Q: 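Below you'll find the structure I mean.
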Amino acid sequence: MVKVMKKRSTLIVAGLIILSAIPFSLNILINMFFADLDTEMYEKKKARVEQRRQIEKMFPELNTKDPLRPQFTLDNVAEEKQ
């Protein structure tokens with residue numbers, strides 16, 4: 001009877017250890033995934049900012065305040081040429 005109890009308690013303890021390890025391992029995996037995702041998003045944003053700076057250097061007459069609709073002012077360019 002004592003041997004059966006020891007075996008059961010050993011199995012119960014082993015099961016509890018495995019069950020308690022699952023959330024920690026999932027947490028580590030999720031953090032690794034989001035760290036890669038954050039790095040990827042940061043690199044994309046950094047590339048967009050760098051591209052915008054290059055465009056502003058190439059075309060200073062563009063108003064890039066609204067990146068979806070850059071405003072090109074012909075009046076200012078015509079005044080500068082005269």
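Numbering starts at 1 and runs along the sequence shown. The model shown is predicted, which means the values in this text are computed figures rather than measured ones.
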Q: Linking Ile, Leu, Val, Met, Phe, Trp and Tyr through side-chain heavy atoms less than 4.5 Å apart, which residues share a cluster with Ile22?
A: Leu19, Leu26
Q: May I have all residue pairs that pass salt bridge (Lys or Arg N to Asp or Glu O under 4.0 Å) and include part of residues 29-42, sequence neighbours excluded?
A: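 Checked against salt bridge (Lys or Arg N to Asp or Glu O under 4.0 Å) - neighbours excluded - the pairs reaching residues 29-42 are Glu40-Lys44.
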Q: Report the distance from atom CD1 of Ile17 to atom CD1 of Ile12, rounding to the nearest 0.5 Å.
A: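 Answer rounded to 0.5 Å: 12.0 Å.
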Q: In plain terms, say whether Arg52 and Glu56 are close enough for a salt bridge, that is, a side-chain N and a carboxylate O under 4.0 Å apart.
A: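 Yes.
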Q: Check for me, please, whether Phe33 and Ile30 land in the same ILVMFWY cluster - side-chain distances under 4.5 Å, paths through other members count.
A: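 Same cluster: Phe33 reaches Ile30 through Ile, Leu, Val, Met, Phe, Trp or Tyr contacts under 4.5 Å.
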Q: Do Arg48 and Lys45 have side chains that approach each other closer than 4.5 Å (heavy atoms only, starting at C-beta)?
A: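 Yes. Closest side-chain heavy atoms under 4.5 Å.
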Q: Return the CD to CD1 distance between Glu50 and Ile55, rounded to the nearest 0.5 Å.
A: 11.0 Å
Q: Enumerate the side chain to side chain donor-acceptor pair (under 3.5 Å) contacts for residues 14-34, please, sequence neighbours excluded, ordered by first and then second residue.
A: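 Non-adjacent pairs meeting side chain to side chain donor-acceptor pair (under 3.5 Å): Asn27-Asn31.
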